[in-house]
Participant: 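Mind having a look at this structure? Questions to follow.
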2 protein chains.
Amino acid sequence: MPNLLLKDLPRYECLLEAAKEFPDLDPSACEAFLHLLRTGDESARVVEANLARHNITQGRFGVLMILVNRCAGDTSTLGPAELADAAGVSRATMTGLIDTLERDGLVTREPDTVDRRMMLVRLTAKGRSLLEEILPDHFKNMTLLMSPLSEFERQTLVQLLTKIQQQAIKFTGPVSAATAV
Amino acid sequence: MPNLLLKDLPRYECLLEAAKEFPDLDPSACEAFLHLLRTGDESARVVEANLARHNITQGRFGVLMILVNRCAGDTSTLGPAELADAAGVSRATMTGLIDTLERDGLVTREPDTVDRRMMLVRLTAKGRSLLEEILPDHFKNMTLLMSPLSEFERQTLVQLLTKIQQQAIKFTGPVSAATAV
DNA sequence: GGCGAATAGTTAGGCGGCTAACCATAAAGA
DNA sequence: TCTTTATGGTTAGCCGCCTAACTATTCGCC
């Protein structure tokens, strides 16, 4: 989510220097953190640049992917709330995404006749064919981006990231637990 | 930059399954990629949640950090263009960030008397003291977030990320090289 | 049966990304 | 010199993200 990141990450010596002034600064932690955000950001840009050629954004693409996965056969009902939840985004955001997708004819929105609060979002044929057009390139990009890493290195990376991820949950987790009370 | 990411990353078996349908899909590359974006995103959220308590965003914080680093002594001139460049953000975006920072009294904008196209952005005392207030917590957060990793693991992580990063440059690099011609 | 709580979706308003277009000024060159 | 080009900064408009407030509907319980 950063998108604003120092263009040139500080050199390690600078971090060591800064650590003298700030006792809370752990140079290796800081370095790892900055590299993580930076690399994540750059990687996102790579795939986004490609999605943009098909006139779609990461966010909208994500919605299409959820739809095509969840509504595998045909008429699996999916409302904005479920979509937002699956995408890890607020409902308001999902409303906006669906608006755009609907405008572009990639999904339809129809009211649920049973529960009249609900809307049913459905992938159109156009949406499905757009995905089929995008996916090969998309996968190729991911493959190419990760090509410098061996299988073993990829495993290692995922393991390390998972540890960080679990730690991150400890920050956000207690908050949502508190709201649940 | 993602912010919309599947909440639950696909399990590896699903990727293997999907790979049958899409020959371009490299399961381990895909898995590593998704974890990278996810973890980067979550990590960004962690520090952002903390910055938000001080009523500041990642982007604005970045600008302040650049200012305090670059204008170490006192009157190092820094214009929006240089700031945008250092932050890796467009000039238009930087204008917006400076607007907000100025409104909040954290920086000042004064015209350069020599080159009258230029503006000089300067950190105010308030901006400086805000940073001093924020930084200890900020550093603690990074330290805590990375605490599950040993020194060796952090090194490994940075190495792997650097490889990906260099690969990412190959995507975006040629483009900017082309525009430079 | 009816009232309050929960739930689905949208709207409003703010922020921060971006590109493209636009002025003002400075620099370079015929 | 004077025009062209480059450069610095802003503006306008789009998108996607958020929270908070709102409407409509359903559920649950008295």
Side-chain angles (χ1 to χ4, degrees), chain A residues 1-5 37 41-42 44-45 48-49 51-52 55-63 77-104 107 109-121 172 175-176 179-180, chain B residues 1-5 41-42 44-45 48-49 51-52 55-64 77-104 107 109-121 172 175-176 179-180:
Chain A
M1 195 206 246
N3 235 339
L4 186 144
L5 219 43
L37 261 59
D41 198 47
E42 291 285 332
R45 278 180 209 245
E48 271 175 4
L51 293 179
N55 213 19
I56 202 170
T57 64
Q58 175 86 259
R60 280 178 261 167
F61 173 74
V63 176
T77 75
L78 261 193
E82 294 157 290
L83 282 171
D85 210 44
V89 104
S90 74
R91 293 187 183 185
T93 298
M94 188 51 67
T95 295
L97 289 172
I98 296 170
D99 281 350
T100 311
L101 289 170
E102 192 178 22
R103 186 201 61 193
D104 293 351
V107 305
R109 233 195 294 227
E110 17 174 329
D112 185 337
T113 52
V114 185
D115 184 340
R116 284 157 56 207
R117 291 170 303 182
M118 295 272 293
M119 296 295 279
L120 299 185
V121 179
T172 54
V175 175
S176 43
T179 55
Chain B
M1 196 206 247
N3 236 339
L4 186 145
L5 219 43
D41 198 48
E42 292 284 334
R45 277 180 209 244
E48 273 175 3
L51 293 178
N55 214 20
I56 202 170
T57 64
Q58 175 86 259
R60 281 180 259 166
F61 174 73
V63 177
L64 297 184
T77 77
L78 261 195
E82 294 158 288
L83 282 172
D85 210 46
V89 104
S90 75
R91 293 185 184 187
T93 298
M94 188 51 68
T95 296
L97 289 173
I98 296 171
D99 281 349
T100 312
L101 288 169
E102 192 179 22
R103 186 201 61 192
D104 293 350
V107 306
R109 233 195 296 228
E110 19 174 327
D112 185 337
T113 52
V114 186
D115 184 340
R116 282 159 55 207
R117 291 172 301 182
M118 295 272 293
M119 296 295 279
L120 300 184
V121 179
T172 55
V175 176
S176 44
T179 55

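Protein chains get the first letters and strands the later ones, always in sequence-line order, with residue 1 at the start of each. Heavy atoms only: backbone and side chains are in, while hydrogens, waters and symmetry mates are out.
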Participant: Give a yes/no on whether any side-chain N or O of A:Thr100 is located under 4.0 angstrom from OP1 or OP2 of D:dG16.
Facilitator: yes
Participant: Looking at the side chain of A:Leu97, which of D:dC17, D:dG9, D:dT26 is the nearest nucleotide?
Facilitator: D:dC17
Participant: If you assign B:Arg117 and B:Gly96 each to the DNA chain D nucleotide with the nearest heavy atom, which residue ends up on the more 5' nucleotide?
Facilitator: B:Arg117
Participant: Please give, in whole Å, the distance from D:dA24 P to A:Met118 CE?
Facilitator: 19 Å
Participant: Taking CE from A:Met119 and P from D:dT23, how many angstroms apart are they, rounded to a whole number?
Facilitator: 19 Å
Participant: Over all strands shown, is B:Arg116 touching base, sugar-phosphate only, or nothing at heavy-atom distances under 4.0 angstrom?
Facilitator: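 The residue B:Arg116 makes sugar-phosphate contact but no base contact.
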Participant: Whole Å only: how far is the CG atom of B:Asp112 from the P atom of D:dG9?
Facilitator: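 After rounding, the gap between these two atoms is 9 Å.
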Participant: If the cut-off is 4.0 Å, is B:Arg103 near the phosphate of C:dC15, judged by side-chain N/O to OP1 or OP2?
Facilitator: yes
Participant: Nearest 0.5 Å, what's the CG-CG distance between A:Asp85 and A:Leu78?
Facilitator: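 Here the rounded value is 11.0 Å.
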Participant: Can you tell me how far the CD1 atom of A:Ile56 sits from the CG atom of A:Leu51, to the nearest 0.5 Å?
Facilitator: 7.0 Å
Participant: Respond yes when some side-chain nitrogen or oxygen of B:Thr93 is under 4.0 Å from OP1 or OP2 of C:dC18, and no when none is.
Facilitator: yes
Participant: Which of these, B:Val107, B:Leu101, B:Ile98, sits in a side chain to side chain contact (heavy atoms under 4.5 Å, CB included) with B:Arg60?
Facilitator: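 The option that passes is B:Leu101.
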Participant: Rounded to whole Å, please give me the gap between CD in A:Gln58 and C1' in D:dC17.
Facilitator: 13 Å
Participant: Output the single nucleotide from C:dA8, D:dT10, C:dG16 whose closest atom is nearest the side chain of B:Thr57.
Facilitator: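 Of the options given, the side chain of B:Thr57 lies nearest C:dG16.
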Participant: Can you figure out which of C:dG9, D:dT19, D:dG16 approaches the side chain of A:Ser90 most closely?
Facilitator: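 So the side chain of A:Ser90 is nearest to D:dT19.
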Participant: Can you check the A:Leu78 CG to C:dA8 C1' distance for me, whole Å?
Facilitator: 14 Å
Participant: Considering just the side-chain nitrogens and oxygens of B:Arg91, establish if one lies under 4.0 Å of OP1 or OP2 belonging to D:dT10.
Facilitator: no
Participant: Taking atom C1' of C:dG14 as reference, at what distance in whole Å does atom CG of B:Asn55 sit?
Facilitator: 12 Å
Participant: Check the distance between C:dG14's P and B:Asp99's CG and give it to me in whole angstrom.
Facilitator: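 Atom CG in B:Asp99 sits about 15 Å away from atom P in C:dG14.
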Participant: Let me know the distance between CZ of A:Arg60 and C1' of D:dG16, rounded to the nearest Å.
Facilitator: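 So the CZ-C1' distance, A:Arg60 to D:dG16, works out to 9 Å.
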Participant: Is B:Asp41 salt-bridged to B:Arg45, cutoff N-O under 4.0 Å?
Facilitator: yes
Participant: For residues A:Glu102 and A:Val121, determine if any side-chain heavy atom of one lies less than 4.5 Å from a side-chain heavy atom of the other.
Facilitator: no
Participant: Nearest to the A:Ala92 side chain among D:dG8, C:dA26, D:dT19, which nucleotide is it?
Facilitator: D:dT19
